[in-house]
Amino acid sequence: MDIKVGDTLKLKKKHPCGSQMWKVLRVGIDFRLSCEGCGHQIMIARKQAEKNVRQIIPGSGANESAGENV
């Protein structure tokens with residue numbers, strides 16, 4: 001699964017605030033996600049996050065081009 005920083009994920013279960021949408025802040029062996037509804041941030045294992053993803057909404061391409069010029 002190709003998840004990048006800046007993407008928005010729609011997860012299977014809702015956050016207590018009612019939102020299912022999470023913004024990806026960090027990618028690695030685990031993910032840092034920020035709830036689109038209330039701004040709460042969580043760290044979640046890659047395996048668990050990939051299992052619970054319903055939809056990946058691509059973010060802006062600004063982060064991708066910045067990494068290529070290094």
Side-chain angles (χ1 to χ4, degrees):
M1 198 171 283
D2 192 25
I3 300 172
K4 298 180 182 81
V5 173
D7 290 351
T8 301
L9 306 179
K10 181 175 183 181
L11 301 183
K12 290 181 182 177
K13 292 187 178 180
K14 290 184 179 180
H15 189 248
C17 74
S19 176
Q20 287 181 298
M21 306 303 280
W22 293 83
K23 185 91 164 173
V24 179
L25 302 177
R26 178 183 176 277
V27 176
I29 196 156
D30 51 12
F31 293 120
R32 178 172 293 278
L33 305 176
S34 177
C35 178
E36 293 282 313
C38 65
H40 182 76
Q41 291 185 8
I42 61 168
M43 292 288 285
I44 186 170
R46 175 181 284 272
K47 185 175 180 180
Q48 185 179 5
E50 289 179 347
K51 178 182 163 189
N52 291 322
V53 170
R54 284 224 172 142
Q55 181 181 12
I56 300 172
I57 301 164
S60 63
N63 293 334
E64 295 172 13
S65 62
E68 294 173 3
N69 296 334
V70 175

Shortest non-hydrogen contact from [X] toward [Y]:
X     : Y     : result
Ala45 : Asp30 : CA-CB, 4.0 Å
Trp22 : Cys35 : CE3-N, 3.3 Å
Met43 : Arg26 : CE-NH1, 3.7 Å

* Asked: What about Phe31 and Leu25, same hydrophobic cluster or not, with Ile/Leu/Val/Met/Phe/Trp/Tyr joined at side-chain heavy-atom distances under 4.5 Å?
  ->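 No, it is not one cluster - the side chains of Phe31 and Leu25 are not joined through contacts under 4.5 Å.
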* Asked: Do Met21 and Ile3 share a hydrophobic cluster (ILVMFWY, side-chain heavy atoms under 4.5 Å, transitive)?
  ->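 No: no chain of side-chain contacts under 4.5 Å links Met21 to Ile3.
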* To do: Could you tell me whether the side chain of Leu33 reaches within less than 4.5 Å of the side chain of Val24, counting heavy atoms only?
  =>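 Result yes, sub-4.5 Å side-chain heavy-atom pair found.
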* Are any of the side-chain heavy atoms of Leu11 and Val53 separated by less than 4.5 Å? ->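 Side chain of Leu11 against side chain of Val53, heavy atoms only: contact under 4.5 Å found.
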Report yes or no: does [X] contribute a side-chain atom to a donor-acceptor pair with the main-chain N or O of [Y] at less than 3.5 Å?
X     : Y     : value
Lys10 : Ile56 : no
Glu36 : Gln20 : no
Asp7  : Pro58 : no

* Asked: How about Ile29: does its CD1 atom have over 12 heavy atoms from other parts shown lying under 6.0 Å from it?
  ->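 Counting other residues, nucleotides and ligands, CD1 of Ile29 stays at 12 neighbours or fewer.
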* **Residue from Arg46, Lys47, Arg54 passing salt bridge (Lys or Arg N to Asp or Glu O under 4.0 Å) with Glu50** =>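 Between Glu50 and the candidates, salt bridge (Lys or Arg N to Asp or Glu O under 4.0 Å) is satisfied uniquely by Arg46.
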* To do: Walk me through it: do Cys17 and His40 pass the test side-chain contact (heavy atoms from CB on, under 4.5 Å)?
  => CA-CA 10 Å; Cys17 74; His40 182 76; over 6 Å; no
